[in-house]
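Sharing a structure here in structure tokens format.
Residue numbers run from 1 in the order of the sequence given.
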Amino acid sequence: MSAPVIAMQCNYAYLDKLFTSLKSLLYHNNGLKIYILNPDIPQEWFKNVNQQLSSIGDNIIDLKVDQSGFGDSQISFSNRLNTMTFNKLLLPRLLPEEKVLYLDSDVIINHSITALLNLDFSEPLAAVKDLNSPDSEINAGVVYFNNPVINQHPKIVDQLLPASKQPGLKNADQSVLSNFFYHQAKFLPRTYNYEVGVEGYAVYHHIDRIISELARISDPAIIHFDSDGKP
């Protein structure tokens with residue numbers, strides 16, 4: 001049986017956040033194949049980490065991605081994002097595996113996610129509805145890509161990339177994925193993308209729907225630090 005496939009992304013300046021997320025992932029899960037999309041992380045880092053992981057059967061793969069193609073992409077919340085966030089749009093083209101679970105580098109894995117990795121679905125992707133825009137957007141911090149289904153659409157990646165450059169994108173890559181796939185997505189329970197940071201906004205603006213939805217989850221499987229404070 002092939003190893004479950006994870007994809008994450010990071011640059012050298014964000015490496016401490018990635019390392020924190022990886023440690024939480026590998027504490028609760030093993031036997032994984034993990035691609036790290038990056039422009040500048042030294043090969044020595046990958047060599048050292050894989051030496052440590054060899055005894056438990058995990059493998060971390062250095063996947064360099066040229067960022068020059070995203071120079072005109074529309075970034076929202078520019079204090080938290082850069083053009084690397086659009087790398088996930090390339091996953092159906094970059095990776096040969098059929099199912100790829102993408103995780104942002106600001107998540108903490110709180111439990112085994114074996115059930116999620118074994119999820120059988122026929123939709124192009126599976127994700128959690130975004131708390132702020134549940135009727136129109138997925139949250140792109142945790143996205144399970146079904147590559148064969150996505151690639152049934154001719155040259156789909158060639159459509160996603162120009163869409164990242166369209167003015168007025170509300171939430172960068174998240175809006176791109178949502179515009180293409182929201183109405184075809186399989187929606188996951190919020191335990192797989194529990195957004196930390198949104199609750200303060202919801203309390204301040206008296207958004208009871210968000211407050212009550214978060215309150216229903218006491219022990220999430222994946223905690224997503226979707227704000228300025230990162231683990």
- Enter the distance from H111:NE2 to H28:NE2 here, rounded to the nearest 0.5 Å. 7.0 Å
- Less than 4.5 Å apart, any side-chain heavy atom of N50 and any of N59? yes
- Query: Do K170 and S133 have side-chain atoms, one donor and one acceptor, less than 3.5 Å apart?
  - Reply: yes
- Message: Is it the case that the side chain of E213 and the backbone of L131 share a donor-acceptor pair, with hydrogens and angles ignored and the cut-off at 3.5 Å?
- Response: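 Side chain of E213 to backbone of L131: no pair is present.
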- So do K33 and E97 actually touch side chain to side chain, heavy atoms under 4.5 Å?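 Yes - at least one pair of side-chain heavy atoms lies under 4.5 Å apart.
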- Message: Minimum heavy-atom separation for S178 and I138, please, with both atom names.
- Response: OG-N, 3.0 Å
- Message: Looking only at the side chains, is there a donor atom on one of Y102 and Q9 sitting less than 3.5 Å from an acceptor on the other?
- Response: yes
- On the 0 to 90° scale, with breaks at 30° and 60°, tag the W45-F19 ring pair as parallel, tilted or perpendicular. perpendicular
- Message: Quick check for you: to the nearest 0.5 Å, what is the distance between I36 atom CD1 and N11 atom CG?
- Response: 12.0 Å
- Taking every non-hydrogen atom, the tightest pair across V196 and S227: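 So the two residues come closest at O-OG, 3.7 Å.
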- Message: Please tell me whether L95 and L160 are part of a single hydrophobic cluster in this structure, the criterion being side-chain heavy atoms less than 4.5 Å apart.
- Response: yes
- Item | Partner of L37 by side-chain contact (heavy atoms from CB on, under 4.5 Å), out of L90, L91, I61 |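 Answer after filtering L90, L91, I61: L91.
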- Message: I need the minimum non-hydrogen distance between I150 and F145, along with the two atoms involved.
- Response: CD1-CD2, 3.6 Å
- Query: Short question: side chain of N110, backbone of P220 - any donor-acceptor pair under 3.5 Å?
  - Reply: yes
- Message: Can you confirm whether L22 sits close enough to M8 that some side-chain heavy atom of one is under 4.5 Å from a side-chain heavy atom of the other?
- Response: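 Yes. Closest side-chain heavy atoms under 4.5 Å.
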- Has the side chain of N146 got a donor or acceptor atom that lies under 3.5 Å from a matching backbone atom of L125?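 Answer holds: no.
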- Task: Consider only side-chain heavy atoms of I, L, V, M, F, W and Y, link residues closer than 4.5 Å, and tell whether Y35 and L26 are in one cluster.
- Result: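 In one cluster: no.
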- Distance in Å, D106 CG paired with C10 SG, rounded so as to fall on 0.5 Å steps: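 Going from CG on D106 over to SG on C10, the span is 10.5 Å.
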- Option from D219, I222, L214 for which side-chain contact (heavy atoms from CB on, under 4.5 Å) with Y194 holds: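 Of D219, I222, L214, side-chain contact (heavy atoms from CB on, under 4.5 Å) with Y194 is met by L214 alone.
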- Task: Would you kindly confirm whether Y14 and I60 end up in one hydrophobic cluster when ILVMFWY residues are joined by side chain heavy atoms under 4.5 Å apart?
- Result: no
- Rounded to the nearest 0.5 Å, what separation is found between the CG atom of L32 and the CG atom of L101?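 Rounded to the nearest 0.5 Å, the CG-CG separation comes to 9.5 Å.
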- Determine the minimum heavy-atom distance between A140 and D173, stating which atoms define it.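 Closest approach of A140 to D173, heavy atoms only: CB-OD2, 3.6 Å.
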- Query: For V198, does its backbone N or O pair with a side-chain atom of D226 as donor and acceptor, under 3.5 Å?
  - Reply: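 No; zero donor-acceptor contacts below 3.5 Å.
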- Quick one: do D158 and R93 make a salt bridge, cutoff under 4.0 Å? yes
- Message: Has E199 got a side-chain atom pairing as donor or acceptor with G197's backbone, closer than 3.5 angstrom?
- Response: yes
- Message: Check the orientation of F121 and Y144. Use parallel for under 30°, tilted for 30 to 60°, and perpendicular for over 60°.
- Response: tilted
- Task: Answer yes if the side chains of K99 and N147 hold a donor-acceptor pair under 3.5 Å, and no otherwise.
- Result: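 No.
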- Note on the structure: dist F86:CZ -> Q67:CD (nearest 0.5 Å) comes out at 11.0 Å
- If you measure from CG on D120 to NZ on K186, what distance do you get to the nearest 0.5 Å?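 Between D120 CG and K186 NZ, I get 9.0 Å after rounding to 0.5 Å.
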- Task: Could you tell me which non-hydrogen atom of N139 sits nearest to which non-hydrogen atom of V143, and how far apart they are?
- Result: O-CG2, 4.0 Å
- Message: Salt bridge check, D62 against K64: does any charged N sit closer than 4.0 Å to a carboxylate O?
- Response: yes
